[in-house]
Amino acid sequence: MKRSPRRRGVKTAALLTSLGLVLSACSDDGGGGGGSDLTAPGPEVLDGLDEAVQVEFWHSMDATNGQVLDGLIDEFNAQNEGRIEVTGSFQGNYDEALASHRAAIQQGDTAELIMIYDLGTQFMIDSAQTVPAQSFVDEDDYDTSSIEDALLNYFTVEGDLRSFPFNNSTPLMYVNRDAFEEAGLDPDSPPADLAEIREAAEQLTVTDDDGTVVQYGFGAAVYGWFIEQFMARAATPYCDNSNGRDGRATEVLFDDPKIVELVEWWEEMIEDDLAVQIGRNTDDGQAAFTSGRAAMTLESTGSLGGFIEQSDFEVGAGYFPLISADDPGGSIIGGASLWINGEGHTPEEIRGSWEFVQFLLTPESQSVWHAGTGYLAVNTEGYDGPEASERAEEFPQFSVAANQLADSEINENTAGCMMGVMSEARVAAEEGWEAALTSDTSAEEAMSNAAAGVSRTIEEYNDSVGD
């Protein structure tokens, strides 16, 4: 699975203008419970159809991932011939898909089903266009017990499941097993916290006769998702009001002392030639690892397949590290979920979309999806399927992500921040982090300035939805 190199949000001014137009057109009163008046129809609406119900599915899966998804769509259509026909429509990367959806709302012509990335969750609720996932669960008494708890936790807001997890991932620590063995380190016990990473890096860093570093111990991109992960694993909320779960978030908290400690550690690693300075481009971080320039890195589970294929060394994987050894742990997810549009759609279209979502969440589909893409199996029974089992036998590293998520504490911190401008907050966190690494600005000042800069954007968003 290959993720877009950067998941940049649209420019703030354009974003807020778009939000204002979109949200003013919504039928909801603007509160956080948007869409609660839309309910799931029962299966009877598909009885006695004269022709197949048409379901357009907007998604962001291309290349190999798109091929796997197309295969699942074809299988569903074959099973439901004359009843439901799903048409997949690639909408570009996650940001582009969300922008297309905003435009479709304004035009009153949304797709029946849409894939939206995690950072768009609050906007999707506020836009009041979708039938809450909880309504389908309640209507059908749908059993969610086999759905990964950490994923349900993320997409549950005010006690209700709002969308259905599907293409989800979590970041890991990746190690060059060959380099570990050469340095006398155990690749089966990769570093678990920042102190251990530094200790290992001191042994993994290699210089030539001229004193030039030819292999750094560590190197990873300055990626805002990692800050969210470190905070969750330290049981530290990313935004106020219990990560926006007990009320609208009004400020971000990534200037917390734990993150200042992280940024200072990162800066010292670079200054001491133990870590290569990557910058904010995740492609550069991946290349530093696969080329052997960095012996340890941080990346999404979705990068594991590519790492294995592109590296001329054996790749190992471990849990995403803690800042401090006594941090409680946990894991926050990334990726996207499925939203069924209700506003402007017939009961038949809504029900047809739900039938397709149920198919995607079956163990059989999840086995195919996980094995073909590297995404987590949303339905944990999918890991027992033949495709997933074969992949796990060939590449046991893939089980690390599932185990990390299963071991995750379920609370508001690992649920993630619920905020309408999360994409802007992520970029701001990266900018503060990078400023500390590339200028004379201290880590504390850089992260504080970055957090303060998001406050106005949050306020404008909250004003746009009437809160």
* Asked: Closest approach of K258 and I323, non-hydrogen atoms and distance?
  -> O-CD1, 3.4 Å
* To do: Specify whether F136 and W354 have parallel, tilted or perpendicular ring planes, treating 30° as the upper limit for parallel and 60° as the lower limit for perpendicular.
  => tilted
* Asked: Going by the angle between their ring planes, with limits at 30° and 60°, are F76 and F359 parallel, tilted or perpendicular?
  -> tilted
* **E148 side chain vs A377 backbone, donor-acceptor pair below 3.5 Å** => no
* To do: Side-chain contact test, heavy atoms from C-beta onward, threshold under 4.5 Å: evaluate it for V315 versus N176 and give yes or no.
  => no
* Which word best sums up how the rings of H59 and F57 line up, parallel for under 30°, tilted for 30 to 60°, or perpendicular for over 60°? -> tilted
* Report yes if some heavy atom in the side chain of M296 is under 4.5 Å from a heavy atom in the side chain of I197; otherwise report no. => yes
* Asked: Do E355 and R351 sit within salt-bridge range, that is, some charged N less than 4.0 Å from a carboxylate O?
  -> yes
* **Residue pair S408, S331: steps toward the side-chain hydrogen bond (donor to acceptor under 3.5 Å, both in side chains) verdict** => CA-CA 5 Å; S408 178; S331 183; 5.2 Å; no
* To do: Consider only side-chain N and O atoms of Y319 and D407, and report whether a donor and an acceptor are under 3.5 Å apart.
  => yes
* Asked: Is the side chain of N243 donor-acceptor paired with the backbone N or O of C239 at a distance under 3.5 Å, no angle test?
  -> yes
* Asked: Would you call the rings of F218 and W265 parallel, tilted or perpendicular if under 30° counts as parallel and over 60° as perpendicular?
  -> perpendicular
* Could you tell me which non-hydrogen atom of N379 sits nearest to which non-hydrogen atom of T362, and how far apart they are? => ND2-C, 4.0 Å
* **Minimal non-hydrogen separation, D312 against D178, with atom names** => O-OD2, 4.4 Å
* Asked: Shortest non-hydrogen contact from Y94 to N167?
  -> OH-ND2, 2.7 Å
* Would a line drawn from the ring center of H370 to the ring center of Y375 be shorter than 6.0 Å? -> no
* For residues T110 and E343, is any side-chain donor paired with an opposing acceptor at under 3.5 Å? -> no
* **Aromatic ring pairing F226/F320, orientation class (parallel under 30°, perpendicular over 60°, tilted between)** => tilted
* Asked: Between the main-chain N or O of A288 and the side-chain N or O of R293, is there a donor-acceptor pair closer than 3.5 Å?
  -> no
* Which atom pair, heavy atoms only, marks the closest approach of S337 to F155? -> OG-CE2, 3.4 Å
* **Where M231 and P237 come nearest, the two heavy atoms and their spacing** => CE-O, 3.1 Å
* Check: I308 main-chain N/O paired with S311 side-chain donor or acceptor under 3.5 Å -> no
* Side-chain donor-acceptor pair present, E56, W58, cut-off under 3.5 Å -> yes
* Ring-face cation contact, Y461 with R248, 6.0 Å cut, 45° max -> no
* **Identified ring-ring contact (aromatic ring centres under 6.0 Å, His included) partner of F254 from the options W225, Y238, W433** => Y238
* Asked: Between E381 and Q366, is any pair of side-chain heavy atoms under 4.5 Å apart?
  -> no
